[in-house]
K.L.:
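Okay, handing you the structure first.
As the structure lists them, so they are numbered: ligands from 1, and atoms in each ligand from 1.
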Amino acid sequence: MPEKRHLPLATEWAHHALAEKIRAGAWVLDATAGNGHDTLFLARQVGSTGHVFSFDVQEEALQETRQRLVDAKIQEDRFTLILKSHAHMKEALPMEVLGRIEAVVFNLGFRPGGDKRMATECSSTVAALTSIPTLLAPGGVLTVVAYPGHASGKEEAEAVSRWMSALAPERFEVQNIRAINRMQPAPELWLALRLGSG
Ligand SMILES: C[S@@+](CC[C@H](N)C(=O)[O-])C[C@H]1O[C@@H](n2cnc3c(N)ncnc32)[C@H](O)[C@@H]1O
């Protein structure tokens, strides 16, 4: 087997943590559909009895995501693609899923191959994060991959860091995985597990 020369990327760490936590049959949410890689990963994790809700503000992103799911033979009734900002996801979701979502995934920044001007923004990202305690089930996990390597990404990563750091430790367990010996900041992963039994 070829030797793997690097530690996992932030997105790979996120999938690793999510794979451990997501049950077959779960309701899960991708807050930034982009090219659909995370949505497909989530759809595979929850299996034929689960459901993925995916948000994006770009029509092209949702088209790309739909195509990826169709190509992977994911049935149409296993996912819902929503053309709306994640800042409004609480209002856009069916009432019965609130407090029962088992994973929420954010991959911030812009869609690779797409319009860089349509990157996530600090204010809507924080608005979306604010709805997380209402959305996540006890035992549910939130992952956020942030890109502090450029000015707006740095501001956004700092806002994510502030929001995560302020979560009450009796309600959420929080971790941050990042490279610490590089001159240029690398993508980083934030994880929050909702504690409690109901
Ligand atoms: C890095 S990409 C996501 C990658 C994606 N998860 C994947 O697996 O391919 C970030 C996406 O966030 C979307 N986005 C930007 N602002 C948004 C918002 N307010 N609400 C939802 N999506 C947003 C962009 O359109 C872009 O497609």
Side-chain angles (χ1 to χ4, degrees), residues 8-19 22 27-46 50-72 74 78-93 97 101-132 134-136 141-160 163 177-178 185-192:
L9 301 171
T11 46
E12 293 169 342
W13 275 124
H15 285 195
H16 182 69
L18 290 160
I22 297 175
W27 288 334
V28 295
L29 193 157
D30 185 351
T32 52
N35 289 324
H37 297 283
D38 292 316
T39 298
L40 176 58
F41 167 79
L42 291 170
R44 287 184 165 144
Q45 294 300 310
V46 300
H51 198 90
V52 190
F53 298 91
S54 286
F55 287 81
D56 207 292
V57 286
Q58 292 188 71
E59 183 78 58
E60 297 86 342
L62 295 187
Q63 279 166 10
E64 189 77 26
T65 297
R66 175 176 300 281
Q67 195 56 52
R68 191 172 302 285
L69 295 171
V70 169
D71 290 348
I74 306 293
R78 290 175 51 200
F79 60 89
T80 306
L81 306 182
I82 303 169
L83 183 63
K84 245 189 191 104
S85 169
H86 42 221
H88 307 296
M89 56 192 180
K90 193 171 83 181
E91 297 75 28
L93 287 165
V97 308
I101 301 226
E102 297 192 20
V104 179
V105 175
F106 287 77
N107 188 348
L108 302 177
F110 57 84
R111 184 169 69 94
D115 186 347
K116 292 190 177 177
R117 292 168 304 179
M118 298 298 284
T120 54
E121 288 174 355
C122 210
S123 58
S124 41
T125 298
V126 172
L129 289 175
T130 305
S131 69
I132 292 300
T134 316
L135 301 186
L136 266 190
V141 66
L142 162 70
T143 67
V144 182
V145 173
Y147 297 84
H150 56 98
S152 62
K154 181 167 186 286
E155 185 198 350
E156 198 175 21
E158 285 168 359
V160 171
W163 185 84
I177 296 176
R178 65 197 159 94
E188 62 178 75
L189 170 66
W190 286 88
L191 300 141

K.L.:
Within the supplied structure, the quantity of interest is the number of heavy atoms (other residues, nucleotides, ligands) at a distance under 6.0 Å from W27 CH2; does it exceed 12?
P.N.:
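Yes, the 6.0 Å shell around CH2 holds more than 12 heavy atoms from other groups.
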
K.L.:
Could you establish whether A31 and ligand 1 come within less than 4.0 Å of each other, counting only heavy atoms on the residue side?
P.N.:
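Judged by the 4.0 Å heavy-atom criterion, A31 does count as contacting ligand 1.
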
K.L.:
Of all residues at least two apart in sequence or in a different chain, which pass the side chain to side chain contact (heavy atoms under 4.5 Å, CB included) check with A192?
P.N.:
L142, M164, L167, F172, V174

K.L.:
May I ask you to check if ligand 1 and R111 share an N or O to N or O distance below 3.5 Å?
P.N.:
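Among all N and O atoms of R111, none is under 3.5 Å from an N or O of ligand 1.
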
K.L.:
What protein heavy atom is closest to atom 17 (C) of ligand 1, reported as residue, atom name and distance in Å?
P.N.:
V57 CG2, 3.6 Å

K.L.:
For atom 15 (C) of ligand 1, find the nearest protein heavy atom and state the residue, atom name and distance (0.1 Å precision).
P.N.:
M118 O, 3.3 Å

K.L.:
Among all the protein's non-hydrogen atoms, which is closest to atom 2 (S) of ligand 1, and how far away is it?
P.N.:
F110 O, 3.5 Å

K.L.:
Considering heavy atoms of the protein only, find what lies nearest to atom 11 (C) of ligand 1 and give residue, atom and distance to 0.1 Å.
P.N.:
D56 OD2, 3.6 Å

K.L.:
Tell me which protein heavy atom sits closest to atom 3 (C) of ligand 1, plus the residue, atom name and distance to 0.1 Å.
P.N.:
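Looking at atom 3 (C) of ligand 1, the protein heavy atom closest to it is T32 O, 3.4 Å.
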
K.L.:
Do N35 and P112 come close enough that some side-chain heavy atom pair is under 4.5 Å?
P.N.:
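Heavy-atom side-chain distance check passes, below 4.5 Å.
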
K.L.:
Could you tabulate the donor-acceptor pairs under 3.5 Å formed by side-chain atoms of residues 80-92, not counting sequence neighbours?
P.N.:
residue	atom	partner	partner atom	Å
T80	OG1	H51	NE2	2.6
S85	OG	A87	N	3.0
H86	ND1	A31	O	2.8

K.L.:
Would T39 and S54 count as having a side-chain donor-acceptor pair, cut-off 3.5 Å?
P.N.:
yes

K.L.:
List the closest protein heavy-atom neighbour of atom 20 (N) of ligand 1: residue, atom name, distance to the nearest 0.1 Å.
P.N.:
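Nearest neighbour among protein heavy atoms for atom 20 (N) of ligand 1, to 0.1 Å: H86 N, 2.9 Å.
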
K.L.:
Give the atoms of ligand 1, by number and element, whose distance to some non-hydrogen atom of H37 is under 4.0 Å.
P.N.:
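Answer for ligand 1: 7 (C), 8 (O), 9 (O).
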
K.L.:
With heavy atoms only and a cut-off of under 4.0 Å, state how S124 meets ligand 1: side chain, backbone, both or neither.
P.N.:
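Near ligand 1, S124 shows its side chain, while the N, CA, C and O stay back.
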
K.L.:
Can an N or O of E121 be found at a distance shorter than 3.5 Å from an N or O of ligand 1?
P.N.:
no

K.L.:
What residue and atom, counting heavy atoms only, is the protein's closest point to atom 7 (C) of ligand 1, and at what distance?
P.N.:
A33 O, 3.4 Å

K.L.:
Looking only at protein heavy atoms, which one is nearest to atom 9 (O) of ligand 1, and what is the separation?
P.N.:
N35 N, 2.9 Å

K.L.:
Out of curiosity, is A119 lining ligand 1, as in a heavy atom under 4.0 Å away?
P.N.:
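It does; at least one heavy atom falls under 4.0 Å.
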
K.L.:
Using heavy atoms and a 4.0 Å limit, tell me yes or no: is L108 in contact with ligand 1?
P.N.:
yes

K.L.:
Any chance CD of E121 has more than 12 other-residue heavy atoms, nucleotides or ligands included, within less than 6.0 Å?
P.N.:
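For E121, atom CD is not crowded (no more than 12 foreign heavy atoms under 6.0 Å).
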
K.L.:
Show the atoms of ligand 1 that are less than 4.0 angstrom away from any heavy atom in G36.
P.N.:
7 (C), 9 (O)

K.L.:
Should we count CZ of R178 as having more than 12 external heavy atoms under 6.0 Å?
P.N.:
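Not buried by this count: 12 neighbours or fewer within 6.0 Å.
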
K.L.:
Within a strict 4.5 Å, meaning less than it, do heavy atoms of the V145 and W13 side chains meet?
P.N.:
no

K.L.:
Given V144, which partner from the list L129, T125, T32, I132 fulfils the side chain to side chain contact (heavy atoms under 4.5 Å, CB included) test?
P.N.:
L129

K.L.:
Can you tell me if H16 has over 12 outside heavy atoms packed within less than 6.0 Å of its NE2?
P.N.:
no

